Amino acid sequence: MTTQPTIGVLGTGIMGAPVVRNLQKAGFAVRAWNRNPDKAAALEADGITVADTPADAARDADFVMTILIDGAAVEQTMVDGGALEAMGKDAIWLQCSTVGIEATERLADLAKARGINYIDAPLIGTKKPAEDGKLTVLAAGNRHLEPKCQPVFDAIGARTIWLDNVGEASKLKLVVNSWVLAVSAAIAEAIALAEGLGLDPQLFLETIKGSATDNPFLQMKGQATIDRNFAPSFPTDGAYKDIKLILDASQAADIDQDLITAVQQKLERTVQKGHGDKDMAAMFHATAK
């Protein structure tokens, strides 16, 4: 009988916890760790091994997957937490956090210095796609590792897009997120405008439904905004972090991002008003007076 690979997952938040569960359902041996032990402990009821330290999760694992808030958290966990040192030479580091271009290069260099295989693999999707195993995985790195990595990605995603060079996946993630955040801000403003003009905002969604300007994301976020249902799928704090990475990348590429700069200001006001832990659709609170 073939033994399934072991995967150490570092980070069990909104995205990490469902990823862990789907890996287990696919038959992988999973060890999970989180900076907040209470979040990781909730996985024990599902029979998932919870490690006390990042090093414990990574030791003797075939894959180590990082799903953390930012580059600093990933570096601290892998270096100070001992995970990188605990990894075997044949192990593969799947770096799934959204960390931007500069941090991706830095993390890849840390792996290279240790002789560890590194795959730049940010995830596209929010809470529900993560729970359903329907994420899109952007994977970049040594293509010879693709056959080993693909079963892992298939367990958590509906689609994998492979690119050749480390860093290209993180760049593509920033491009995708720039569109998502711009659309989210536009939805918030459209709903606020309808309400401000004394219209039932439901008319907005009904009018564009099925037209060339319609899409499922707009209907979902628009309805959530009308219902004032801001349960976090993609928290505003995370979106605010990501938009800074997008603007840093734009500046380095000499691209004017007037629209994204405006969205950043809206996200900043949303956070300042105390809605950072709510879904990014809560940008409505920075739009309506």
Side-chain angles (χ1 to χ4, degrees), residues 8-17 19 32-36 39 53-55 57-58 63-87 91-126 130 135-142 163 165-178 180-181 232 234-253 255 257 260 264 267-268 271 276-277 280:
V9 180
L10 308 180
T12 61
I14 289 176
M15 297 289 285
V19 163
W33 172 87
N34 194 72
R35 288 179 294 177
N36 183 338
K39 289 184 178 180
T53 68
F63 298 90
V64 171
M65 182 180 290
T66 44
I67 313 177
L68 297 157
I69 185 60
D70 56 25
V74 174
E75 185 169 354
Q76 182 181 33
T77 299
M78 294 300 292
V79 178
D80 298 341
L84 189 59
E85 185 66 27
M87 291 178 68
I92 300 173
W93 178 4
L94 305 175
Q95 205 306 98
C96 299
S97 318
T98 302
V99 300
I101 298 171
E102 183 179 342
T104 295
E105 294 172 351
R106 187 170 66 251
L107 296 171
D109 285 343
L110 287 172
K112 184 177 181 180
R114 178 79 173 81
I116 297 295
N117 294 305
Y118 181 93
I119 298 294
D120 172 27
L123 308 174
I124 293 179
T126 53
L135 295 166
T136 295
V137 182
L138 306 179
N142 186 346
L163 302 102
N165 302 310
V166 168
E168 290 178 343
S170 284
K171 291 176 181 178
L172 183 54
K173 177 65 185 289
L174 295 182
V175 173
V176 171
N177 276 12
S178 72
V180 170
L181 293 173
F234 184 5
T236 300
D237 281 336
Y240 187 46
K241 179 267 297 183
D242 284 0
I243 209 163
K244 290 179 180 178
L245 298 175
I246 293 166
L247 287 170
D248 287 345
S250 299
Q251 184 177 11
I255 302 296
Q257 287 276 24
I260 290 299
Q264 182 192 37
L267 284 167
E268 185 172 21
V271 171
D277 60 342
M280 61 181 173

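What you see is a predicted model, and the numbers here were worked out from it, not measured in a lab.
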Return the set of residues passing side chain to side chain donor-acceptor pair (under 3.5 Å) with Asp70 (not counting sequence neighbours), or none when no residue passes.
-> none

Counterpart residues, side chain to side chain donor-acceptor pair (under 3.5 Å), relative to Thr77 (two or more places apart) | none

Under the side chain to side chain contact (heavy atoms under 4.5 Å, CB included) test, residues paired with Ala83 that sit two or more places apart = Leu10, Pro54, Ala58, Met78

Listed once per pair and sorted, the side chain to side chain donor-acceptor pair (under 3.5 Å) pairs that draw on residues 102-111, sequence neighbours left out | Glu75-Arg106, Thr104-Ser170

Across all chains, not counting sequence neighbours, the side chain to side chain contact (heavy atoms under 4.5 Å, CB included) partners of Asn117 are Ile92, Leu145

Under the side chain to side chain contact (heavy atoms under 4.5 Å, CB included) test, residues paired with Asp80 that sit two or more places apart = Gln76

Sequence neighbours left out, what pairs pass salt bridge (Lys or Arg N to Asp or Glu O under 4.0 Å) with at least one residue falling in residues 110-123?
-> Glu85-Arg114

Return the minimal non-hydrogen interatomic distance between Ala32 and Thr12, and the atom names on each side.
-> CB-CG2, 3.8 Å

To the nearest 0.5 Å, what is the distance between CD (Gln257) and CD1 (Ile246)?
-> 7.5 Å

What is the minimum heavy-atom distance between Ala55 and Ala86, and which atoms define it?
-> O-CB, 3.6 Å

Side chain to side chain contact (heavy atoms under 4.5 Å, CB included) filter on Ile14, not counting sequence neighbours, yields Lys127, Pro232, Pro235

Who are the side chain to side chain donor-acceptor pair (under 3.5 Å) partners of Thr126, not counting sequence neighbours?
-> Ser233

Could you tell me which residues satisfy ring pair (Phe, Tyr, Trp, His ring centres under 6.0 Å) with Tyr118, sequence neighbours excluded, listed by chain and number?
-> Trp93

Lys173 (side chain) donor-acceptor with Ile124 (main chain) under 3.5 angstrom = no

Nearest non-hydrogen partners of Val74 and Ser97, listed with the distance | CG2-OG, 3.4 Å

Evaluate the side-chain proximity of Met15 to Leu135: yes if any heavy-atom separation is below 4.5 Å, no if none is.
-> yes

Provide the closest heavy-atom pair for Gly13 versus Asn34 in the form atom of the first, atom of the second, distance.
-> N-OD1, 4.1 Å

With sequence neighbours excluded, residues passing side chain to side chain donor-acceptor pair (under 3.5 Å) with Asn165 = Glu168

To the nearest 0.5 Å, tell me how far Asp237 CG sits from Asp242 CG.
-> 11.0 Å

Using atom types as modelled and distance alone, determine if a side-chain donor or acceptor of Lys241 lies under 3.5 Å from a backbone N or O of Thr98.
-> yes

